[in-house]
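What you see below is based on every heavy atom in this structure, not just the backbone, and it leaves out hydrogens, waters and symmetry mates.
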Amino acid sequence: MITPLNHEQMLDLRQCLERGLPIVARPYDELAEQIGAHHDQVLQQMQQWRDQGLFRRVGLVLNHRALGFVANAMLVLDVPDALVDEVGARLGGAPGVNLCYQRPRRLPQWRYNLFCMVHGRERAVVEAQIQGLLEQHLLSDLPHQLLFSTRAFKQCGGRFAPPPSQVWAHG
């Protein structure tokens, strides 16, 4: 039987995971070393958090600009509320759509409630791809805009573990 991580090790592991997996041949061994545990304990804790719904998967955040994807556009649409779930599911599953989510409108300034991100190497190709999506899904008549990013300030995964100062101040 594997001994569970103690509370401090669990907090340390969460902070380590938020920074991302170490880019080494055996990342879970490295994480275990960083928190003073065995890799089996790390894997057991991660499985437990997954079973509890803390996360669904371990993913990868790519620096798409460094890979040559410099024509990155957010398609914003004003979708009727009764259709937003269905349209969001269709667009979210479409090839080339990297991200699709709903946000509340901010009337009267901002009418859009569905956002779809498409990354590409050439602006004209991305524009054609999005035009194709609009036509294929019969959305061309909906109010929409195409917003191209001009630069990236920060890109990282989610942050949920409290900073060390907060942990110990309340612990």
Got [X] and [Y] here, is their nearest side-chain heavy-atom distance under 4.5 Å?
{"X": "Asn98", "Y": "Phe69", "value": "no"}
{"X": "Leu133", "Y": "Leu139", "value": "no"}
{"X": "Asp81", "Y": "Arg105", "value": "yes"}
{"X": "Val118", "Y": "Leu75", "value": "no"}
{"X": "Glu30", "Y": "Pro27", "value": "no"}
{"X": "Asp12", "Y": "Gln34", "value": "no"}
{"X": "Leu134", "Y": "His144", "value": "yes"}

In terms of hydrophobic clustering (I, L, V, M, F, W, Y; side-chain heavy atoms under 4.5 Å; direct or indirect links), are [X] and [Y] co-clustered?
{"X": "Met117", "Y": "Leu77", "answer": "no"}
{"X": "Val126", "Y": "Val70", "answer": "no"}
{"X": "Leu31", "Y": "Leu43", "answer": "yes"}
{"X": "Leu91", "Y": "Val125", "answer": "no"}
{"X": "Leu114", "Y": "Leu99", "answer": "no"}

Next on the checklist: Salt bridge check, Glu86 against Arg90: does any charged N sit closer than 4.0 Å to a carboxylate O?
Outcome noted: yes

Ignoring hydrogens and geometry beyond distance, is a side-chain donor-acceptor pair present between [X] and [Y] at under 3.5 Å?
{"X": "Asp40", "Y": "Gln44", "value": "no"}
{"X": "Gln45", "Y": "Gln41", "value": "no"}
{"X": "Glu135", "Y": "Gln131", "value": "yes"}

Next on the checklist: What verdict does the side chain to side chain contact (heavy atoms under 4.5 Å, CB included) test give for Leu142 and Asp78, after you've listed the backbone C-alpha separation in whole Å, the side-chain angles of each residue and the deciding distance to 0.1 Å?
Outcome noted: CA-CA 6 Å; Leu142 290 179; Asp78 181 6; 5.9 Å; no

Item to check | Transitive ILVMFWY cluster of Ile2, excluding itself - 4.5 Å side-chain cut-off | outcome: none

Item to check | CD (Glu122) with more than 12 external heavy atoms under 6.0 Å | outcome: no

Checklist entry - If you draw a 6.0 Å radius around CG in Asp51, do more than 12 non-hydrogen atoms from other residues or ligands fall strictly inside? => result yes

Item to check | Pairs where residues 86-109 contributes a residue and the test ring-ring contact (aromatic ring centres under 6.0 Å, His included) is met, not counting sequence neighbours | outcome: Tyr101-Phe115

Checklist entry - Passes side chain to side chain contact (heavy atoms under 4.5 Å, CB included), Arg65 versus Asn72? Steps please. => result CA-CA 9 Å; Arg65 289 179 174 276; Asn72 307 302; 4.2 Å; yes

Looking only at non-hydrogen atoms, find the nearest pair between [X] and [Y] and report the distance.
{"X": "Leu147", "Y": "Gln145", "answer": "CD2-OE1, 3.5 Å"}
{"X": "Pro143", "Y": "Arg111", "answer": "CG-NH2, 3.2 Å"}
{"X": "Cys100", "Y": "Gly92", "answer": "CB-CA, 3.6 Å"}

Item to check | Full working for side chain to side chain contact (heavy atoms under 4.5 Å, CB included) between Met46 and Leu17 | outcome: CA-CA 10 Å; Met46 289 180 67; Leu17 289 170; 4.1 Å; yes

Item to check | Stepwise side chain to side chain contact (heavy atoms under 4.5 Å, CB included) check, Arg50 with Phe55 | outcome: CA-CA 5 Å; Arg50 189 181 70 92; Phe55 63 87; 4.0 Å; yes

Can you tell me how far the [atom1] atom of [X] sits from the [atom2] atom of [Y], to the nearest 0.5 Å?
{"X": "His119", "Y": "Met74", "atom1": "NE2", "atom2": "CE", "answer": "8.0 Å"}
{"X": "Leu13", "Y": "Leu5", "atom1": "CG", "atom2": "CG", "answer": "6.5 Å"}
{"X": "Glu127", "Y": "Phe148", "atom1": "CD", "atom2": "CZ", "answer": "4.5 Å"}
{"X": "Arg103", "Y": "Trp110", "atom1": "CZ", "atom2": "CH2", "answer": "11.0 Å"}

Next on the checklist: Using modelled atom types and a 3.5 Å cut-off, is there a donor and acceptor pairing between side-chain atoms of Arg121 and backbone atoms of Leu67?
Outcome noted: yes

Checklist entry - With distance as the sole test, does Asp29 use its side chain to make a donor-acceptor pair with the main-chain N or O of His39 at under 3.5 Å? => result no

Checklist outcome for this item: Partner of Val87 under side-chain contact (heavy atoms from CB on, under 4.5 Å), picked from Val84, Leu83, Asp85, is Leu83

